[in-house]
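Taking it in order: structure first as structure tokens, then the write-up.
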Amino acid sequence: MDIKEDKELRWFDVEFVPEDYIFSKEERPQNLDIPVCDLIPVIDLAKAATSNGHTQSIEAVLTASQEFGLFQVINHGISEKTLNDAMSVVKEFFDMPSKDRTGIVPHMKNWIYTNSTDYAKDGVHLWRENLKHSCHPLEKSIPLWPHKPTRYQEVIAAYVVEIQKLSSRILEMICIGLGLDPEFFNDKSEVQLLSTNFYPPCPDPTLTLGILAHQDPSLITLLYQGNSTGLQVLKDGEWINVGAIPNAFVVNIGNQLEIISNGKLKSIKHRVVNSMHETRRSIATFVNPSPDSIIEPAKTLVNELEPIRYKASRYKEYVHRNKAFGDYTVALQNAVHSES
Ligand SMILES: O=C(O)CCC(=O)C(=O)O
Ligand SMILES: [Fe+2]
């Protein structure tokens, strides 16, 4: 390996996968030779804005959310510059020396950086690094985000403003498709959390995982993955690859929207597999119910033919009970409010 003397050696600078990164046979990918699934719907939001394409696009969003629990959107109105700036500042963050990434008191801050040091499951580590922070209310949150790289706050704030608009638009399409009031989520949802991931190349990706199989605890999640692959979804018992489409967003239906739709929309299991040569970086924004809202099937979607399938639960309690955003869920949820 050609490492300059002044370069910090990092946990992934290894020739073999250390034992505590190897998942059980049932969980590890084993076979990475799976084609990209070209059935996952790609919705053109420019068409959706036309009078002819509107109804058709809503139907496409609904069908995708029912069958796959996931779709991609293109021509969504967020500029390439905003996307590239966000991805490059994320790259800069994960490339900084470890003292800048970790800060001084990692668990008392309003942003949580995790190296691959936290155990993901049964003493096994994930092959990734992660940064999470709150985004709501935005103006109050921004000063609490990482101060390094120096343009982090400015660039990510611009990104989140755009995500707020895009997510409202997608939620509105879903509401219309479900026959709910288009403004159903207006005062009940927020772009609450941003979670960015760095998955370095791995000497043997058949043994490791970037993220374990999970469903998102959100209404929807908007995921920007640049041009990288690695995201897989479980469809009819088989893992399939989600393709990398330049400038697209992957939209995931979270389990809270599955509940509100009384099971009409599906929250799909997904995971991230590693690559031997490619680095993956992703930015996930979780659009969540407001913490105090009660999540239950929408009254208009429950009737004699469609009996109620889920119990009501306060979102905040669900999140805390399940540590829905990892070990530091409570710190993340309280970050902005404790400062006020
Ligand atoms: O990195 C990714 O693409 C996956 C992120 C993800 O699934 C999550 O943060 O919930
Ligand atoms: Fe996820």
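Start at 1 and go down the list; that is how both ligands and their atoms are numbered. Because only heavy atoms are used, hydrogens play no part in the values below, and waters and symmetry mates are left out as well, while side chains stay in. All values derive from a computational prediction rather than experimental measurement.
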- prompt: Within a strict 4.5 Å, meaning less than it, do heavy atoms of the Asn75 and Asn247 side chains meet?
  reply: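 When only atoms from C-beta onward are counted, Asn247 and Asn75 do not touch, as no gap falls below 4.5 Å.
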query: Under 3.5 Å, N or O to N or O, is Ser195 touching ligand 1 that way?
result: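 Ser195 vs ligand 1: no N/O contact under 3.5 Å.
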Salt-bridge present ([X], [Y]; N to O < 4.0 Å):
X: Glu154; Y: Arg151; value: no
X: Arg101; Y: Glu129; value: yes
X: Glu296; Y: Lys299; value: yes

[X] heavy atoms, cut-off 4.0 Å: which ligand 1 atoms fall inside?
X: Val272; result: 1 (O), 2 (C), 3 (O), 4 (C)
X: Ser282; result: 1 (O), 2 (C), 3 (O)
X: His270; result: 7 (O)
X: Tyr199; result: 1 (O), 2 (C), 4 (C)

message: Taking the six-membered ring of Phe184 as reference, does the cationic atom of Lys188 (NZ for Lys, CZ for Arg) lie under 6.0 Å from its centre and within 45° of its axis?
response: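 Cation-pi check for Lys188 and Phe184: passes.
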field: Short side-chain to backbone donor-acceptor contact, Arg280 and Thr229, under 3.5 Å
entry: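 Flag set: sc Arg280 to bb Thr229 pair under 3.5 Å.
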Any side-chain donor near an acceptor of the partner, [X] and [Y], under 3.5 Å:
X: Asn241; Y: Gln232; value: yes
X: His136; Y: Asn288; value: no
X: Asp44; Y: Ser57; value: no
X: Ser79; Y: Thr82; value: yes

Give the contacting part of [X] toward ligand 1: side chain, backbone, both or neither, where contact means a heavy-atom distance below 4.0 Å.
X: Asp216; value: side chain
X: Asn252; value: neither
X: Phe286; value: side chain

query: Tell me: protein heavy atom nearest atom 5 (C) of ligand 1, and distance?
result: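 Atom 5 (C) of ligand 1 sits closest to the protein heavy atom Ile211 CD1, 3.6 Å.
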Protein contact to atom 8 (C) of ligand 1 [nearest heavy atom, distance to 0.1 Å]: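 It is His214 NE2, 3.7 Å.
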message: Just to be sure I'm reading this right: ignoring hydrogens, which of Arg280, Arg281, Gln225 gets closest to atom 3 (O) of ligand 1? Compare them by their nearest heavy atoms.
response: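 It is Arg280 that holds the nearest heavy atom.
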field: Cut-off under 2.8 Å, centre the Fe ion (ligand 2), protein N/O/S atoms
entry: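 Correct list: His214 NE2, Asp216 OD1, His270 NE2.
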query: Is the closest heavy-atom distance from Arg128 to ligand 1 below 4.0 Å?
result: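 No, Arg128 has no heavy atoms under 4.0 Å from ligand 1.
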task: Would you sort out whether Ser98 and Glu8 count as a side chain to side chain donor-acceptor pair (under 3.5 Å), showing the intermediate values?
output: CA-CA 8 Å; Ser98 64; Glu8 180 186 25; 2.7 Å; yes
Phe93 ring center near Phe198 ring center (under 6.0 Å):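 Not close enough - the centres of the two rings lie 6.0 Å or further apart.
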